[in-house]
Amino acid sequence: MSVALEGARSDKRLLILPGLFFLSPFLTAAVPRLTWLFLILIAIALFVRAWRQGIVWRELIPLDATSLAVILFAAYVTVNATWAADRGGGFEKAALLWALAIVTIAAGSAIAALDERQLRLAALGLGAGAALGVAFLLIELATGAVITRAVINSSSLLRPEKAKHVFMSNGFVKKMSLSELNQNVTIVMLSLWPATAALSLVTTGRRRIAFLVLLLLATAIAVLASQHQSSQVALILSLPAFGLAWLWRKGVIRALAVLWCLAFALVLPLDFAAFKGELHMARWLPDSARARVILWEYTAERVLEHPWLGIGVDSTHALKKSGKLERPPGYVFPLSSGEHAHNLFLQTWYELGFFGALLFAIAGAVAALRMLRLPPESQPFAAASFAAFLGIGAFAWGIWQTWFMCAIALFVLYLRLATSAPKAAAP
């Protein structure tokens, strides 16, 4: 009897980690600001599993090139916070970066130590959870966020204080702009390629083809139907990266590492050239794109005022102009740096300067080149994942937004799990 009970407990424990990898892409697609919670839960589950297997804690932090590059960048961000406009906020972001770096590196090492059964179950959970997250997003896009509105209206504590993109009547949310789902779309887009990689390894034959086609098609429909153009760019970039990587794995991965570095090197001249070419006045471009051209050029000019060390981590919003801003005729956006640059590469230059941009470029390139060490069948999925992240980073969120930083950490763990899963034997 005791042996049977112990076996039942063991089976239940085996389901904890797969359950978390199932719930994470699903619930964060529904509520993106839960990324921090699931990152903590998944990391704890992985650490407990590693501890049960007798793994020494220091073995979870390998001093390889990727880890050293990330740690060096985090160290510079900490020093950079000393001259931030808001030192308290700067050190807070630096501490968060350190925590995410250590947790992600250690949890990734713990994933590599899982046995074959755990890896297979967790990979299936990841694929199923991502599929359910896409289904949720499709329902929300088709119904004007009916589920989100119902949840918000269920309690006065959940109702927004500001009604930007939200239309309220008698204290209740009656309508929401689809742009309110942009964070949800980002989560779904970041989950796509790790989930397809997981499913491609743990399934075979017609079932694998059916799962991959359905997940890819559903995600593409959701992203293209949304108002998040950055995720649409990420989808458009990642699809050819995936296809080309099947033919030239090493060449594509190396090209992505070079492209990452070139983005830092060329972001300033490209921003100036776009503004000089009057793309901000081009009516054939969406207003959001025209606004970014103005925002980028204004921010790029400010970069030249502090080119080497930057203005300090997370200082853009603290130093932005207040009050009535100058807005020349025909401009869809005032002359301002806004809350952030909506460009990972430009924001790094503005806040961290040349040295921060150099260290971030090195860390990203080293991480990209690490994909060459993955199993050959996983490399195309990893290349597509990196391309998707590059697309979102180039046009969307501020790099210090907590939910986005945690989403990137989860994205890395998803990809580590997917590329570690054992390949299913052919039937």
Does any part of the side chain of Gln232, heavy atoms only, come nearer than 4.5 Å to the side chain of Leu224, both counted from C-beta? yes

Is the closest side-chain donor-acceptor distance between Tyr414 and Ser385 under 3.5 Å? no

Might you confirm whether atom CH2 of Trp98 has over 12 heavy atoms from other residues, nucleotides or ligands at distances under 6.0 Å? yes

Using 30° and 60° as the class limits, which term best fits the ring planes of His340 and His342: parallel, tilted or perpendicular? tilted

CG (Leu346) and CG (Leu268) are apart, to the nearest 0.5 Å, by 6.5 Å

Parallel, tilted or perpendicular, judged at 30° and 60°: which one describes the rings of Phe354 and Trp349? tilted

Residues Trp260, Phe360; criterion ring pair (Phe, Tyr, Trp, His ring centres under 6.0 Å); working and verdict: CA-CA 10 Å; Trp260 171 266; Phe360 202 178; 5.6 Å; yes

Return yes if some donor-acceptor pair links the side-chain N/O of Arg249 with the main-chain N/O of Pro376 below 3.5 Å, else return no. yes

Sequence neighbours left out, what passes side-chain hydrogen bond (donor to acceptor under 3.5 Å, both in side chains) with Glu305? Give chain and number order. Arg302

Does any donor atom in the side chain of Asn182 or Ser179 lie under 3.5 Å from an acceptor atom in the other side chain? no

Check the side chains of Glu140 and Thr148 for a donor-acceptor pair under 3.5 angstrom, ignoring hydrogens and angles. yes

Taking side chain as C-beta onward, heavy atoms only, is Trp284 less than 4.5 Å from Leu279? yes

What's the separation between atom CG in Leu119 and atom CG in Leu124, rounded to the nearest 0.5 Å? 11.0 Å

Quick one: are Ser67 and Asp64 in side-chain contact, heavy atoms under 4.5 Å? yes

Determine the interplanar angle of the Phe381 and Trp246 rings, folded into 0 to 90°, and report it as parallel if under 30°, tilted if 30 to 60°, perpendicular if over 60°. perpendicular

Just one of Thr35, Ile187, Thr186 clears the side chain to side chain contact (heavy atoms under 4.5 Å, CB included) bar with Phe404, so which one? Thr186

For the residue pair Trp296 and Leu270, establish whether any side-chain heavy-atom pair is separated by less than 4.5 Å. no

Is the ring pair Trp57/Phe47 parallel, tilted or perpendicular, if the boundaries are 30 and 60 degrees? perpendicular

